[in-house]
Number of protein chains: 6
Amino acid sequence: MRPSGRLANQMRTISIETGFAHHAEGSALIRVGNTEVLCTASVENRVPPFLRGKGTGWVTAEYGMLPRATHTRGNREAAKGKQSGRTQEIQRLIGRSLRSVVDLPALGEMSITLDCDVLNADGGTRCASITGAWVALRLALGKLVATNVLRQLPLRGQVAAVSCGLTAAGPVLDLDYVEDSSAAADTNFVLTADRRIVEIQGTAEESPFTEDSFNELFALARQGVSVLFEAQTEAVNRAENR
Amino acid sequence: MRPSGRLANQMRTISIETGFAHHAEGSALIRVGNTEVLCTASVENRVPPFLRGKGTGWVTAEYGMLPRATHTRGNREAAKGKQSGRTQEIQRLIGRSLRSVVDLPALGEMSITLDCDVLNADGGTRCASITGAWVALRLALGKLVATNVLRQLPLRGQVAAVSCGLTAAGPVLDLDYVEDSSAAADTNFVLTADRRIVEIQGTAEESPFTEDSFNELFALARQGVSVLFEAQTEAVNRAENR
Amino acid sequence: MRPSGRLANQMRTISIETGFAHHAEGSALIRVGNTEVLCTASVENRVPPFLRGKGTGWVTAEYGMLPRATHTRGNREAAKGKQSGRTQEIQRLIGRSLRSVVDLPALGEMSITLDCDVLNADGGTRCASITGAWVALRLALGKLVATNVLRQLPLRGQVAAVSCGLTAAGPVLDLDYVEDSSAAADTNFVLTADRRIVEIQGTAEESPFTEDSFNELFALARQGVSVLFEAQTEAVNRAENR
Amino acid sequence: MRPSGRLANQMRTISIETGFAHHAEGSALIRVGNTEVLCTASVENRVPPFLRGKGTGWVTAEYGMLPRATHTRGNREAAKGKQSGRTQEIQRLIGRSLRSVVDLPALGEMSITLDCDVLNADGGTRCASITGAWVALRLALGKLVATNVLRQLPLRGQVAAVSCGLTAAGPVLDLDYVEDSSAAADTNFVLTADRRIVEIQGTAEESPFTEDSFNELFALARQGVSVLFEAQTEAVNRAENR
Amino acid sequence: MRPSGRLANQMRTISIETGFAHHAEGSALIRVGNTEVLCTASVENRVPPFLRGKGTGWVTAEYGMLPRATHTRGNREAAKGKQSGRTQEIQRLIGRSLRSVVDLPALGEMSITLDCDVLNADGGTRCASITGAWVALRLALGKLVATNVLRQLPLRGQVAAVSCGLTAAGPVLDLDYVEDSSAAADTNFVLTADRRIVEIQGTAEESPFTEDSFNELFALARQGVSVLFEAQTEAVNRAENR
Amino acid sequence: MRPSGRLANQMRTISIETGFAHHAEGSALIRVGNTEVLCTASVENRVPPFLRGKGTGWVTAEYGMLPRATHTRGNREAAKGKQSGRTQEIQRLIGRSLRSVVDLPALGEMSITLDCDVLNADGGTRCASITGAWVALRLALGKLVATNVLRQLPLRGQVAAVSCGLTAAGPVLDLDYVEDSSAAADTNFVLTADRRIVEIQGTAEESPFTEDSFNELFALARQGVSVLFEAQTEAVNRAENR
């Protein structure tokens, strides 16, 4: 029995609110249960130095957590003067995941920065960030098409992420904080709507696990992301039809 | 005529939503027109080293702005590795302003950290932070009384802030971003509900101004904060009655 | 009765020694009682990136305190690896104050950096810095005119600063360290010789104060700066006649 | 055909030299082809603050690369003043991987720091680090047993790592630099000698891949680590018998 | 012929003014020609962690240069966020030099920090710092004896420093900036009044030099420091007799 | 009697292995007894900003120590976020020493960076670094001649370094760690093969020493470097003949 009473293969309630950030070219406030992340996409007419003059674009991500997004207040990274290893690991993952579905040469010499800021944390913030960032990115690209900057969406598909783990209740989908902090192992799956793999990060600090367990987690993830792809699609449609 | 069509002495629409941050002892999401700040109050059972063993409490503040709270994306301070002078100036102001109405010895050896994070910026973020932080602080103190940690609220009154400035439309109340960036001079007033002064910060980089102009700005501020005190009171009542 | 025996409206002894820094285009070693600040003006033939090609100049300031300018030794900011919030707040104030009296377009694409380094501290260091920095700036501009780099002084007037506060002896002018550290409230006034306001920073951390008190402090400040304007004028005359 | 002429399932030549670092409690200079990493294990009689008094030990890792371990010189992280996100990500991975096979309570209140410094880089440095760090750790623990600090090895097994990827030559084992920089996708497998999973990190920045491809990579990794486990065992035996 | 017209073995004019820093336990404003350094000695009742409980004292030094002490303005180290290698090298030298003449166990568990801040630079700032710091230290120790904190001066002698170099005018004593920046080689000699060596730092970046040249420089230094020892003694006598 | 049983004028065993770093234009792994430093020379086709367009080259050095090169583990400088004063002092010394024998204009607008990383430390790491860096530099320059980038070696000679000190066993050559940490004084001599002086750094923190002692140390150093020059020559010959 899971602490939340959910079934093993049951996602938390998902909602995606677009347009929360007034100035961003695209934005999505995603809620996965009590985890809440504000994702914005910012378009700039330049690329980082290593890409200048190569006729290709860039997509990158930054991640942050408000100091009191968590049960006890965490130190503000800006005040400490550096981003933690965890923060950097997460923002690199978000950036790679989104780049995997963007046709960078088709984007041309523009950069899109995806900022994912956690307002409330209850487990799964990196997965919610990837899922929400895709919506922010999609809306920003849509605006570039609508304003004739681009002819068509330089997007190869849809990407979303979910974490699964081995808990006292067995293998379960979409870990919340209580589950996450006591799981023997957990794996983040970043998958595409056409059933391919973008990233898999499985970790078993507590106790190494078997290939069979891994396959069970993978099957759960397949179910989870299908819910997320629907929520993304619906949010984009809602935003573009108003 | 003001760009927004407002009267010279007209505040923008105010709303204060409490409880937005799930984990904080007190929180307020304040909206002043299109400026939106999430304020949280975090209580800890310890004081900074310079106060240890003195039987008195502490209240401090930190301020931040999400990278895309603004028209064009700003660099993330955590990534740059330091807080700007502007950020530090603002968070010091918020801290002093709130301490001025707290009875620190009555608080006892506890600290309250007020985090003010700007989600959307349209001028007046430091004033909105002070006004919202008071609500977050008040709710956190109320919880300490409700749980018998404190016998009564260690609070000497109510504090709120508003900016006034000399613009093309003359002296006006509650500058938005367009007004703020072209004002000849502007002044932030941090005032108490019993009509006293906590902080006054008047700045005339463009062109020094007269004492008469200053007095006009002060009179506008008096009107503005009365609206804010009502909004604060109503938000606290709403939060504590539910 | 004030600790120093001064009258409520009595400034400390003022002296301004020019030319102390051998290499600077302008320099002033200002003494206000036992507070002593070395102010230098450095001219450079370039402006910061955000002004390049705009045909206008820039004036900025940096502030520092020698580690043993104070009663007990403070940590060296260069060794700590960052400037405190207080330092940044002060240097931003000095920069804004001096820019308010400079005709930046008339200066042309040049920068002037005002360095204010406190050699001995006894209260009022930011005010002494502004007052001394004006002399250093004025001498540097005079040298640009004397060497035909500029046709005339790009200066709109004279600026000086003084702090007033509410102490046990009532409202008093020009706080020294003992008064400053026990004042219920204090206000820094940055004023021009033509009786206008550049900056007002009033702070009442201990206990909010009334508008009447504020007006009394303002009246004292008016008296104080008239003494400073004379000292500035005399120092400039002395320097340029030798 | 692979650039090196190796078969798809062929590892590079492995050698593990122990005792290279004179002072460390355990050390291994591991060579995987032209990749060369010096791994040291340092034992200290204390644990980090968050573990004090809990009767349990700690294992952590740090990773670095000499500036000219690579084709073109990289900047020294100590000179830049911070570790890159890549460095932090790798050292966190090494730490988690080794902790997964250590019985931390049995270790008692001691810390072991594993330093992995790359002397020559030709792809696969993080995997070589994990494999070599296990030997350094094993030797340090052996010394604690030999000196009666511990009764028995607090070790639950053997861990090693290898990367596999999808290249122009199809799925291949143990990528070198040339392969790594052009692979469509690559996955690092951290596995135990009893055939369980510690970490899996699959990345497909270029192009998402199928579950079948993933399974092929996994099968190759199984073959690869069996070679590494042998090399580890042999190195430990050689070291402890002399 | 030297640029200044001085003889090869002629020091610049020396003056040492004590008491310039009001708060320091000892202070000396030393002028060696146009080089001017403010040296303060600050006494604290504690030692650094590595000496706690060992019954011995500590002497350390910090060095800084005001941004406009030089011909063109240098960046402020506090603003850059770090001390340069040159600064650290100099302050380590000053600290070692002064410690060499202090009886640290006789000082007891107290620290003395010597701050040397260059107000005007014209070559030889590190040597002037050492020479002036000895006076500040001596006065601070004298005060500890006068107030019965110590029974006698924990001082083994007098230390001073001078630089000599190989210039177009041959080997010369006490280089000024013009000479220093074009010398083929220069050497700093830190010597004691009883004719012993504390530090010798000879550098020949431009062109390696012979042992004979070195011996000539050494002989000049012997002459130079005898002038400095007299100036130190006189300054201390003047300070303690008033 | 020296702890190692060596004679007063006896160097430790020297070995210099070239080519250890696969990618560097020149590399030398130097062993002086148990001290072991990996030195690499990296050639780049550009110079630092202050030399651009001046038609001259640059040689610089960086120094580091692996965390467990020492008896007890030291903190990693990259993790601490800054290089210690000691590190900066040493790398500046290495850079100056090597520049003294390079004909920078003949090198043309190229930079050579010498990285000296200590793998095992047993005293004398800065001297071993200089001696080994010369070999790495020499090989890199040789490669530039061999590939017709330069017509001839822009090298004015050979440089090597050794430390001598006053120990319980009297003045001795080539201090190891045990001797170094208890010596009353020690001096590093950086000398050329044509018997000239590049750098002398004598330090007597414990107790100032006489000119006679200094001369004895100098004589020992002369003997020591002659051994080093031979080892350098032989290593270069071995490397270039294969």
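The sequence lines fix the lettering, A, B, ..., with proteins before strands; numbering per chain opens at 1.
Ranked by heavy-atom pairs under 4.5 Å with chain D, the list E25(F), R73(F), E36(F), E44(F) is led by R73(F). Per-residue counts of heavy-atom pairs under 4.5 Å with chain F were compared for K82(D), K80(D), E62(D), E77(D); the largest is that of E62(D). Chosen from H23(D), Q83(D), H71(D), the residue pairing most often with chain F at heavy-atom distances under 4.5 Å is H23(D).
Atom OH of Y177(D) is surrounded by 12 or fewer heavy atoms from other residues, nucleotides or ligands within 6.0 Å.
Looking at every heavy atom in both residues, R68(D) comes nearest to A41(F) through NH1-O, 3.9 Å.
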Working for side-chain contact (heavy atoms from CB on, under 4.5 Å), residues L38(F) and L66(D): CA-CA 10 Å; L38(F) 177 53; L66(D) 295 196; 3.7 Å; yes
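Expressed to the nearest 0.5 Å, how far OG1 of T70(F) lies from NE2 of H22(D) amounts to 13.0 Å.
In this structure, no portion of S27(F) lies under 4.5 Å from any heavy atom of chain D. In this structure, chain D has a heavy atom under 4.5 Å from the side chain of N120(F), while its backbone stays farther away. Proximity to chain D (any heavy atom under 4.5 Å) is restricted, for T40(F), to the side chain, taken from C-beta onward.
D117(F) and R76(D) are joined by a salt bridge, as a carboxylate oxygen and a charged side-chain nitrogen come within less than 4.0 angstrom of each other.
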